[in-house]
Amino acid sequence: MLPRPTDGVTIAENLERVREQVARSVQSAGRSPGDVRLVAVSKTVPPDAILEAYRAGIHEFGENRVEEASEKIPELRKQVGESTSGPNVRWHLVGHLQRRKARDAIALFDVIQSVDTVRLAETLSRQANAHGKNIPVLLQVNVGRDPQKSGFAAEPRDAFLREVETVLALPGVQVEGLMTIGPLVTDAEQGRPTFRALCLLREFLAARYEPSDWRELSMGMSEDFPVAIAEGATIIRIGRAIFGERPH
Ligand SMILES: *Cc1c(COP(=O)(O)O)cnc(C)c1O
């Protein structure tokens, strides 16, 4: 059971523990501390708790639903802008995006981590161009071919590469790397092959296309981030270990 802020543990204390674990994982992997960024996944979390995390030093947040985000993000941008002169917050969309919400998503988010089809990328490209924007995205890969998950299939490889090339050619959409969701397992170690496969896929793509486009590897959540860091994650997406268990 993860600690909950409501059990007398504060978000700042949770964050402290997560940061220690991240630092240990980074060190034992022989990586540099600056190599791994923490995105706090604040879905279902009310704005005051998000502000608490911001004050504890978190500047990147993730949400998974456009409707929820459209209520929270503008309010938080305003509050953060008013209450501090500190760094601005970056918002990541980490959940499946329906194409009809692409326009709203581009207006709200700084990064879209969950680009899971060519058609979605094409819609984002059109909307980004219409708004004179260039939106950073990650390609979500369904490494384990889990029917419950969305994402590109990396095999057959030639079909996947055709899809990647189509996305890379789209104006207004800047591919920065890959994202995956690990399998739901009882032991975090069981997620290692998935993370390793995503890392190898990134190396393959970076060797083949512009390497600068493939720097990000978003993988690892509350239960499995140390393993993801060991396998090369540059972004980890942590919700419950910071904010406590979500309501069901
Ligand atoms: C909810 C969510 C997370 C965070 O999961 P926790 O188990 O709360 O750390 C990370 N990534 C995605 C895509 C999510 O939907």
Side-chain angles (χ1 to χ4, degrees), residues 1-7 9 11 13-22 25 36-46 49-50 52-53 56 58 60-69 72-73 90-98 101 105 108-117 120 136-144 146-152 176-192 194-195 198 216-248:
M1 198 55 182
L2 291 157
R4 318 159 53 107
T6 46
D7 291 341
V9 185
I11 286 170
E13 284 165 344
N14 280 344
L15 205 45
E16 187 60 34
R17 195 169 24 242
V18 169
R19 284 189 174 123
E20 280 166 15
Q21 267 180 292
V22 169
S25 306
V36 182
R37 280 151 58 211
L38 172 60
V39 171
V41 178
S42 53
K43 62 192 185 197
T44 78
V45 175
I50 300 177
E52 210 177 315
I58 291 284
E60 298 198 83
F61 292 94
E63 288 282 335
N64 70 333
R65 294 181 54 236
V66 171
E67 294 83 354
E68 184 182 336
K72 284 156 55 173
I73 293 179
R90 273 165 67 83
W91 290 92
H92 298 243
L93 179 64
V94 300
H96 174 66
L97 174 61
Q98 291 169 287
K101 294 177 186 157
L108 284 165
F109 290 94
D110 303 294
V111 184
I112 297 181
Q113 292 204 9
S114 44
V115 172
D116 51 13
T117 61
L120 173 61
V137 304
L138 304 184
L139 303 184
Q140 181 174 351
V141 179
N142 188 355
V143 175
D146 178 348
Q148 312 280 359
K149 291 196 180 93
S150 49
F152 289 91
E176 297 193 334
L178 304 176
M179 181 271 234
T180 200
I181 302 175
L184 194 63
V185 293
T186 44
D187 173 9
E189 270 304 319
Q190 293 172 281
R192 193 180 290 274
T194 299
F195 300 143
L198 195 73
E216 306 293 3
L217 213 46
S218 173
M219 56 190 197
M221 322 203 306
S222 293
E223 308 282 0
D224 56 17
F225 70 85
V227 178
I229 290 172
E231 295 301 329
T234 63
I235 297 175
I236 53 173
R237 311 178 306 266
I238 312 288
R240 293 169 303 139
I242 295 171
F243 296 109
E245 291 293 341
R246 285 179 290 272
H248 290 292

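Start at 1 and go down the list; that is how both ligands and their atoms are numbered. Everything numeric here is computed off the predicted structure, so don't read it as measured data.
The closest heavy-atom contact to atom 2 (C) of ligand 1, among the options K43, M221, R237, R240, comes from K43. When G244, S42, S222 are ranked by how near their heavy atoms come to atom 9 (O) of ligand 1, first place goes to S222.
Between the side chains of T234 and E216, a donor-acceptor pair is found at a separation under 3.5 Å.
Neither the backbone nor the side chain of Q113 has any atom closer than 4.0 Å to an atom of ligand 1 (non-hydrogen atoms only).
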Exercise for the section: Determine, stepwise, if the pair I58 / I11 fulfils side chain to side chain contact (heavy atoms under 4.5 Å, CB included). Expected result: CA-CA 11 Å; I58 291 284; I11 286 170; over 6 Å; no

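Listed by number with element, the atoms of ligand 1 under 4.0 Å from a non-hydrogen atom of V94 are 12 (C), 13 (C). Within ligand 1, the atoms closer than 4.0 Å to a non-hydrogen atom of I238 are 9 (O), numbered from 1 in the order shown. Set against the non-hydrogen atoms of I181, the atoms of ligand 1 under 4.0 Å away are 13 (C).
Considering CZ of R65 and CG of L93, their distance stands at 11.5 Å, rounded to 0.5 Å.
Between the side chain of Q190 and the backbone N or O of P183 there is no donor-acceptor pair closer than 3.5 Å. T180 places a side-chain N or O within 3.5 Å of a backbone atom of V141 that can act as its donor or acceptor partner.
For ligand 1, the polar-atom distance check against N64 finds no nitrogen or oxygen pair separated by under 3.5 Å. Not a single N or O atom of A241, backbone or side chain, sits closer than 3.5 Å to an N or O atom of ligand 1.
Looking at R17 and E20, no side-chain N of the basic residue comes within less than 4.0 Å of a carboxylate O on the acidic one, giving no salt bridge.
The closest approach between a heavy atom of E223 and any atom of ligand 1 is not below 4.0 Å.
T194 approaches G182 most closely through the heavy-atom pair CG2-CA, 4.4 Å.
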